[in-house]
Student: 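Below is one structure. I have some questions about it.
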Amino acid sequence: MGQKEEYANSELYRIRHSTAHVMAEAVLERFPDAKIAIGPAIDDGFYYDFDLPRPLVPEDLEAIEKRMRGLIQSKESFVREEITSEAAKALFADQPYKLELIEGLEHGGVDEDGNPTDEAVPMSVYRSGKFVDLCRGPHVENTGKINPQAFKLLNVAGAYWRGDEKRPMLQRIYGTAWESKDQLEAYLWKLEEAKKRDHRKLGKELDLFSTNEEVGAGLVLWHPNGAMIRHLIERFWDDQHMANGYDFVYTPHIGKASLWETSGHLGFYKENMYAPISIEEQDYYLKPMNCPFHLHIYKSQLRSYRDLPLRYAEKGTVYRYERSGVMHGLMRVRGFTQDDAHHFCRPDQMPDEIDFTLEFSINMLRAFGFKDFHAYLSTRPEKSVGDPQMWKDAEAALESSLKRLGVAYDVDAGGGAFYGPKIDLKVRDALDREWQLSTIQFDFNEPDRFDISYIGEDGQEHRPYMVHRALLGSMERFFGVLIEHYGGAFPVWLAPKQAVIIPIADRHVEFAREVAKRSRQAGLRVSVDERADRMNSKIRDAQKEKVPYMLVIGDREMEAGQVALRRRSGESLPPMSVDEFLALAKNEVEKRI
RNA sequence: GCCGGCGUAGCUCAAUGGUAGAGCAACCGCCUUGUAAGCGGUAGGUUAUGGGUUCGAUUCCCAUCGUCGGCUCCA
């Protein structure tokens, strides 16, 4: 959070906030009847929300941007003025959104950034040129401090007034602003890079997955290449779980209404569930979660304290009704497979169990090339179920595990689910973007609802702790993140095709097939490009497919019984024997590079 | 769900109120090739779907589906 404050006090923050004001001034010139809402600085830029007489088009943005440059040239000073609420109301008499903000400030309430404030705040306005805005500041001295070569308006989007979907929809203009032209260009370059790595684009180019209008939105078809990667991920996942004390379970995709009544989902999660399927006068629901089934497996027999901890793992496919506008490639879908598990343990085992789970989670993610983690610890909200002491113990266990493992974390006080505190783990990818993957959540609700217990040393029934956890999150989302992290150039151990063997002329095909056969026997996924094309063209195609190894075979290699290895990096290695190549590949597969 | 945009061949894109065109890919043929595109040919589209306006719609309008940028949501 220190970082946040640092940013809020930086010159860059002032530049961005000031650029937002200049933009609002330009918009008001163009649309004198515009109603202005709020316009803060954000990470990488700024925005301003407007209520306008018509939708903005790209030409508007160009014109506004041009006018902004003019306003910047005139070096208008930003002048701060303290003001009474009466004066403010008079000043903004025809600006209903500002009036609402003023009222909010009068009573405490919500400030410009949407953060609650407890007490009346002194009101201030900032003037620059003809524009005056209710604003806490700070700003740069004058608009000339904004580098006209270092800002850009990016796009227009809808945004609810005050983020409330029951309030009016405004038009939000997003922009970015920097101190220098170079910084702006670096930022725009990063956006371009991100576009190139977009998993939806790469998914098509590398033939990894698709969705289909007729199948339905948010329902993913895994093509052979994507499915191979998923299989390899799952195989690794299975091995790790087997080696770490998990039991595998399988459970159905639907369950009777009564199951979801018991679990409580029909009470608090129904709007995210698919409508029921009715048969023999019973309603069945597609499962949005796996836990009720796992709870029944737990309940299927009497449990002793000696049986615990129990860890039930399942790559469970769930279906959730996501509103139509929220779907996004593989990141947000309606049908997805969670790498789910539920742990049941005694209170005395609980801290160790959390330690184990967090460490296991981090090790799992590390295996896929993620190095930077950031955790969010969410604690008890106002409305919650369960014994407050259990909450405290659980929160303490989560926090001490984070500390022990040295994971950087923020505390989201009161941000937990009503049924228990949790840790969410975010990873940072190759482009410094954060993605939420793992989650470790206590549940103080379902054990009660299903009335699960174990017999303790004392011969009495006790309620176990229950923890939900997903390490990768879901196969879909994890795959999406992985695609973007590697930019489609998967490490050798995950590459759907690890090597393409490229015979230069037809007379080399036979030897190429021999090399392919030996490679397959050694466990590699290879193919021979037997097309009647030039070697150059075959290399080009293999590069585009991002195949890690290209083995070129011509007269020289055939005579010497060797292969010429070209890596997708462009690096060409001196000719080597097939065995040498296989040893090299084996080594890189094992190292997971 | 909401605001706005988009939907033309497998892919990337072009064009028009008078029933659509290119490159790549595919297929066929020639070439037998040395580290990112050899040459020629063939085939491929009810312009997302359903309505409407019009003499005529792929183009204009409406709805639906899908999708993109956001918002809200993601117990």
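Note on naming: letters A, B, ... go to the chains in the order of the sequence lines (proteins, then strands), and numbering restarts at 1 for each one.
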Student: Would you call D429(A)-R197(A) a salt bridge at under 4.0 Å N-O?
Tutor: no
Student: Round to the nearest Å and state the distance from N225(A) atom CG to rC11(B) atom P.
Tutor: 16 Å
Student: Please determine if R513(A) and E530(A) form a salt bridge, counting it only when a charged side-chain N lies under 4.0 Å from a carboxylate O.
Tutor: yes
Student: Any N or O donor-acceptor pair linking the side chain of R507(A) to the base of rU32(B) at under 3.5 Å?
Tutor: no
Student: Which whole number of Å gives the distance between the P atom of rC61(B) and that of rU67(B)?
Tutor: 23 Å
Student: Quote, to the nearest angstrom, the C1' distance that separates rA14(B) from rC55(B).
Tutor: 29 Å
Student: Which atom names give the shortest non-hydrogen contact between P575(A) and Q562(A), and what distance separates them?
Tutor: CB-OE1, 3.5 Å
Student: Report which part of the nucleic acid F268(A) touches: base, sugar-phosphate, or nothing (heavy-atom distance under 4.0 Å, all strands).
Tutor: base
Student: Where along nucleotides 60-71 of chain B does protein come under 4.0 Å, by heavy atom, of base (B) or sugar-phosphate alone (S), with - for untouched nucleotides?
Tutor: -----BSSSBBB
Student: From CD1 of I173(A) over to C1' of rG4(B), roughly how many Å is that when rounded to an integer?
Tutor: 13 Å
Student: Suppose we define a pair by two distances each less than 3.5 Å, Watson-Crick or G-U wobble; what does rG29(B) pair with here?
Tutor: rC39(B)
Student: For the side chain of I539(A), counting heavy atoms from C-beta on, which of rU35(B), rC74(B), rU72(B) is nearest?
Tutor: rU35(B)
Student: Is there a donor-acceptor pair under 3.5 Å between the side chain of R167(A) and the backbone N or O of W161(A)?
Tutor: no
Student: Could you tell me how far rA36(B) sits from rU47(B) if I compare only their P atoms? Round to whole Å.
Tutor: 42 Å
Student: Kindly say whether, by distance alone, the side chain of E557(A) makes a donor-acceptor pair under 3.5 Å with the base of rG34(B)?
Tutor: yes
Student: Just the rounded figure in Å: distance from P of rG4(B) to CZ of F50(A).
Tutor: 17 Å
Student: What's A564(A) touching, base or sugar-phosphate or nothing? Going by heavy atoms closer than 4.0 Å.
Tutor: base
Student: Which base sits across from rC73(B) as a Watson-Crick or G-U pair, both distances under 3.5 Å?
Tutor: none
Student: Using the C1' atoms only, state how far rC74(B) lies from rC6(B), rounded to an integer number of Å.
Tutor: 26 Å
Student: Roughly how far apart, to the nearest Å, are rU12(B) and rA25(B) at atom P?
Tutor: 15 Å
Student: Is the shortest heavy-atom distance from the side chain of L584(A) to the side chain of L573(A) under 4.5 Å?
Tutor: yes
Student: Checking all strands, does D541(A) fall into the base, sugar-phosphate, or nothing category for heavy-atom contacts under 4.0 angstrom?
Tutor: nothing
Student: With a 3.5 Å limit on both atom pairs, tell me what rG7(B) is paired to, counting Watson-Crick and G-U wobble, or say none.
Tutor: rC65(B)
Student: Expressed as a whole number of Å, how far does the C1' atom of rA15(B) sit from that of rA9(B)?
Tutor: 15 Å
Student: Searching all strands shown, indicate the nucleotide that pairs with rU54(B) (Watson-Crick or G-U wobble; both distances under 3.5 Å).
Tutor: none
Student: Atom NZ of K544(A) and atom C1' of rU12(B): how far apart are they, to the nearest Å?
Tutor: 10 Å
Student: Return whichever of N272(A) or A505(A) has its heavy-atom-nearest nucleotide of RNA chain B closer to the 5' end.
Tutor: A505(A)
Student: Can you check the distance between rG29(B) and rA22(B), where both ends of the measurement are the C1' atom (answer in whole Å)?
Tutor: 23 Å
Student: On a heavy-atom basis, which atom in D424(A) and which in Q436(A) lie closest, and how many Å separate them?
Tutor: OD1-NE2, 3.3 Å
Student: Quick one: R540(A) CZ to rG38(B) P, roughly how many Å, whole number?
Tutor: 9 Å
Student: Between rU35(B) atom P and M535(A) atom CE, what is the distance in whole Å?
Tutor: 5 Å
Student: When you compare rA43(B) with rG21(B), how far apart are their C1' atoms, in angstrom units rounded to a whole number?
Tutor: 15 Å
Student: Could you check whether K538(A) gets within reach of a base, just the sugar-phosphate, or nothing at all, counting any heavy atom under 4.0 Å?
Tutor: nothing
Student: When the distance from CG of L551(A) to C1' of rG34(B) is rounded to whole Å, what number comes out?
Tutor: 15 Å
Student: What does rU59(B) pair with, Watson-Crick or G-U, if both distances are under 3.5 Å?
Tutor: none
Student: Please say which of H468(A), K422(A), H342(A), R449(A) ends up in a side chain to side chain donor-acceptor pair (under 3.5 Å) with D443(A).
Tutor: H468(A)
Student: Which nucleotide, in any strand shown, forms a Watson-Crick or G-U wobble pair with rU12(B), with both distances under 3.5 Å?
Tutor: rA22(B)
Student: Rounded to whole Å, please give me the gap between CG in D533(A) and P in rC27(B).
Tutor: 10 Å
Student: Looking only at side-chain atoms of Y321(A), point me to the closest of rA37(B), rG1(B), rG38(B).
Tutor: rG1(B)
Student: State whether the side chain of Q338(A) and the backbone N or O of M475(A) hold a donor-acceptor pair below 3.5 Å, judged by distance alone.
Tutor: no
Student: Of all heavy-atom pairs between R16(A) and A177(A), which one has the smallest distance, and what is that distance?
Tutor: NE-O, 2.8 Å
Student: Checking only heavy atoms, does the side chain of D506(A) share a donor-acceptor pair with the base of rU32(B) at less than 3.5 Å?
Tutor: yes
Student: From C-beta outward on A532(A), which listed nucleotide comes closest to its side chain: rC73(B), rG34(B), rC31(B)?
Tutor: rC31(B)
Student: Tell me which nucleotide among rG4(B), rC31(B), rU35(B) gets nearest to the side chain of R534(A).
Tutor: rC31(B)
Student: At 4.0 Å (heavy atoms only), tell me whether R556(A) reaches a base, stays on the sugar-phosphate, or touches nothing.
Tutor: base
Student: Is any side-chain N of the basic residue among E322(A) and R334(A) closer than 4.0 Å to the acidic one's carboxylate O?
Tutor: no
